Amino acid sequence: MNAVDVFLEVLSWALIVSGSVFVIIGSLGLWRLPDFWARLHGASVTESAGVILLIWGMCIQAGFTLITVKLIIIGIFLFITGPTATHAVANAALVTGWRPSEAEGLTGAEPEPLRPENEDDALDGGEE
Amino acid sequence: MTLAGLFALWLLMSGLFKPLLIGFGLASVLVVGWITSRMDAQDGDHLDIRLSPLRLAGYLLWLLAEIARANWSVMRIILSRRMPVRQHLFRVPFSQKTDLGQVIFANSITLTPGTITVETERDNFLVHALGYDENDDEALAEMDRRVAQVETAGGV
Amino acid sequence: MFLVAAVSLLVSMVIVLARLFAGPTLYDRVLAVNSFGTLTVLFIGVLGFLTGRPDFLDIALLYALINFVGTIAILKFFRYRAIGDVSASRELGQ
Amino acid sequence: MRHHLILRVITKLLAGAIMLFAFYVQFHGDYSPGGGFQAGVILAVAFVLYGLVFGLPAVQAVLPPWVVHKMMALGVLVYAGTGVISLFTGYAFLDYTALNPAHPEHGQELGILWVEGGVGITVTGVMVAIYYAFAGRPPRISDEEW
């Protein structure tokens, strides 16, 4: 075992352990935070830091193999779909007319009403 | 272009270079290209990818640093006993020209914990922040500028 | 090392499941399901390393995919009580 | 396309890759977990995602229902046909050796390929058909109908 190997081993340890910590913090956030709009951000911690750190750690463990390629593909896929899914959930909540509770002294922006051109948008249905 | 990208993806996933499988790969890529072109023709919004790969890589590195910083602050909020949340819904203007650029910006906002793109409008995103402070507008404007730089001007 | 990751993923999954049962709103639950899916994908990856058979990764990718599409389908279903459109043709029903 | 900008762009971006992944699973059945069934589901998922975001009429224009019907039948035909070929050449049903009596292994490989192909086509057809059937239901059903 030469110095590079030791370094990589330590690095992947650090990545995986810190990734695990962030995964737990994210789900703790999902549990502890006061309301839905705040919880979104808890889930977001798992989806960003947790995924990135764990995938990188596993990549280093796997070395230059097909496994790394697949891990990177999974990573990229989660990197793209994670925020998209979070956005979709938040957007669905907003569209039903639910507004986040604002902190003291702040007024929230009111979304523009959906314009007619949006109404044949499939996800919004034309039936309304 | 897209087809070459798909074929590269196939080779990467497969990792086997037997003639039969490569032949299947080529056939699959052609079928996929045909179906996606049918989809494009159907909904009429073709996705044009006008990004500079080098600048995109640079941006992603910057984004990683940004994600790390944001995670740190959200972690502090979650782990502190009183959870000092300061929720706010506010507008963030964007300056990207292409749809893809705008989506990269919006997803970058969502990816950095603490801010989430809730709605996309004609010229703005509605962004929800967990621990809002007045510097956030500045930070998002900075991100907006960086994403806009990733786009290449005009042409294909 | 992977044991640490696996255990913390399992712990997180339990916490997320608690949120899934507690609700209180539909969107909390959808968020929890989505989060649970992400955790499962990571868990499958880690499990592959633990058992020395990392060819589970294709399954992890498949799970990530189904999770994403499923989340969108649930959201659409609960908004309209249907996943299609009114104008939908019903040729298949005949 | 402003309101669902993100979903639409991401769907466009991913649909091709998802379908390619489906074909990858289809043809690498011998080397990694997977095969016709999973591949069919993944391919169907690509169409379901497209249908969810762009609407049922759009996806039905890309993959018309009559094609889906034919796919369901064609898959079974390919599957059973592979078996029947071996019956006609004097072997047992689905005995792949019949496909290439000189090289049994080669024949088996070919046979599995055909059978998996048949399974993949049928599963895609059935999954998409189920989606079309559900999506074609009128929305907002009343509580009594549950």
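Chain identifiers are assigned alphabetically (A, B, ...) following the order of the sequence lines, protein sequences preceding nucleic acid strands; residue numbering begins at 1 within each chain. Remember, it's a predicted structure, so these values are computed and weren't measured experimentally.
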Turns out that what part of B:Leu64 lies under 4.5 Å from chain A's heavy atoms comes down to side chain
OG1 of B:Thr112 to NE2 of A:His41, rounded to nearest 0.5 Å, is 10.0 Å
Interatomic distance, CG@B:Leu89 vs CH2@A:Trp37, rounded to 0.5 Å, equals 7.0 Å
When rounded to the nearest 0.5 Å, the distance separating OG of A:Ser48 from CG of B:Asn71 is 4.0 Å
So, the part of A:Ile73 with a heavy atom under 4.5 Å from chain B: the answer is side chain
When the 4.5 angstrom heavy-atom criterion is applied to B:Ala106 and chain A, the contacting part is neither
Taken to the nearest 0.5 Å, the spacing of B:Glu119 CD from A:Leu94 CG works out to 6.0 Å
Just do the side chain to side chain contact (heavy atoms under 4.5 Å, CB included) check on A:Phe79 and B:Leu60 with the steps written out, would you? CA-CA 11 Å; A:Phe79 205 74; B:Leu60 285 179; 4.3 Å; yes
Output for pair (B:His128 NE2, A:Asn91 CG), nearest 0.5 Å, gives 13.5 Å
Value for OG1 (A:Thr86) from CG (B:Leu111), rounded to nearest 0.5 Å, stands at 8.5 Å
| Is the count of non-hydrogen atoms from other residues, nucleotides or ligands lying under 6.0 Å from B:Arg69 atom CZ greater than 12? | no
Turns out that what part of B:Leu9 lies under 4.5 Å from chain A's heavy atoms comes down to side chain
Heavy-atom nearest pair, A:Arg32 first then B:Ile78, reads NH1-O, 2.8 Å
Heaviest contributor of heavy-atom pairs below 4.5 Å to chain B, chosen from A:Asp35, A:Val69, A:Val45, is A:Val45
message = As a quick check of understanding, evaluate side chain to side chain contact (heavy atoms under 4.5 Å, CB included) for A:His87 and B:Val118, giving each step before the final call.
response = CA-CA 6 Å; A:His87 160 79; B:Val118 181; 5.8 Å; no
So, the part of A:Leu66 with a heavy atom under 4.5 Å from chain B: the answer is side chain
Under 4.5 Å to a heavy atom of chain B? For A:Ile52 that would be side chain
Cut-off 4.5 Å, heavy atoms of chain B, and the answer for A:Phe22 is side chain
Okay, B:Thr115 and chain A: the region with an atom under 4.5 Å from a heavy atom over there is backbone
Correct closest heavy-atom pair for A:Leu28 and B:Leu79 would be CD1-CD2, 4.4 Å
When the 4.5 angstrom heavy-atom criterion is applied to B:Leu130 and chain A, the contacting part is both
May I ask you to check whether over 12 heavy atoms, not counting those of B:Trp72, lie within 6.0 Å of atom CH2? no
